Amino acid sequence: KNVVDAYFRQVELGEKLLQQEKDWKQCLQICNKCIKAFPEFVDAYLLGAKCYSQIHEFNEAQKTLKTFLGRESSIYLLVKDLNDAKELQDKITSLQKAEEINLSFGSATNETLAKID
């Protein structure tokens with residue numbers, strides 16, 4: 001029980017770091033450590049994906065979620081966890097597309113400005 005409690009304390013610490021927008025690297029280290037210790041628990045996967053999306057590492061965020069979603073046979077998986085993961089995956093995909101559009105728009109704007117000069 002103490003090991004499981006430690007897992008949840010670490011996830012809670014990672015969530016605080018994420019909410020405070022502090023030390024993304026430490027947050028990701030916590031997530032990876034928790035996933036390695038308890039790969040059947042969803043919390044660290046969701047937190048890691050959120051953290052990756054905050055630093056615009058959308059491919060890593062998607063990879064983290066896909067790893068979790070690939071574990072659907074886990075006895076610990078709840079329908080809510082699956083829905084949360086899929087909802088987060090949709091949000092990350094939307095953010096990734098928005099960033100790609102923004103980058104494309106920025107390139108087009110820069111090219112237009114270069115022609116004007």
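For this chain, numbers begin at 1 and follow the sequence in order. Here the structure is a predicted model, which is why all the values come from computation and not from measurement.
Grouping the Ile, Leu, Val, Met, Phe, Trp and Tyr side chains by contacts below 4.5 angstrom, directly or via other members, places L47 with F8. A continuous path of Ile, Leu, Val, Met, Phe, Trp and Tyr side chains, each step under 4.5 Å between heavy atoms, connects L18 with V11, placing both in one hydrophobic cluster. Follow the hydrophobic side-chain contacts under 4.5 Å out from Y52 and you reach W24 in the same cluster. One hydrophobic cluster holds both V42 and L65 under the rule that ILVMFWY side chains link at heavy-atom gaps under 4.5 Å.
With values rounded to the nearest 0.5 angstrom, Q10 atom CD is found 13.0 Å from D43 atom CG. The CD atom of E60 sits 4.5 Å away from atom NZ of K63, with the distance rounded to the nearest 0.5 Å. Here CD of E15 is found 11.5 Å from SG of C51. Values are rounded to the nearest 0.5 Å. Atoms NZ and CG, on K25 and L17 in that order, are 14.0 Å from each other to the nearest 0.5 Å.
Looking at Q26 and I30, their side chains come closer than 4.5 Å, going by heavy atoms from C-beta outward. Contact of the F41 side chain with the I35 side chain is not registered, since no non-hydrogen atoms from C-beta on lie closer than 4.5 Å. Residues P39 and Y45 form a side-chain contact, since some pair of their non-hydrogen atoms from C-beta on lies under 4.5 Å apart.
In this structure, F38 and Y7 have perpendicular ring planes: the angle between them is above 60°, well past the 30° mark.
When all heavy atoms are compared, the tightest approach of A61 to S53 is CB-N, 4.1 Å.
For D23, there are no side chain to side chain donor-acceptor pair (under 3.5 Å) partners at least two apart in sequence or on another chain. Under the rule for a salt bridge (charged side-chain N to carboxylate O under 4.0 Å, His left out), K33 has no partner lying at least two apart in sequence or in another chain.
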Fill in: Evaluation steps, side-chain contact (heavy atoms from CB on, under 4.5 Å), between F58 and H56
CA-CA 5 Å; F58 299 114; H56 299 251; 3.8 Å; yes

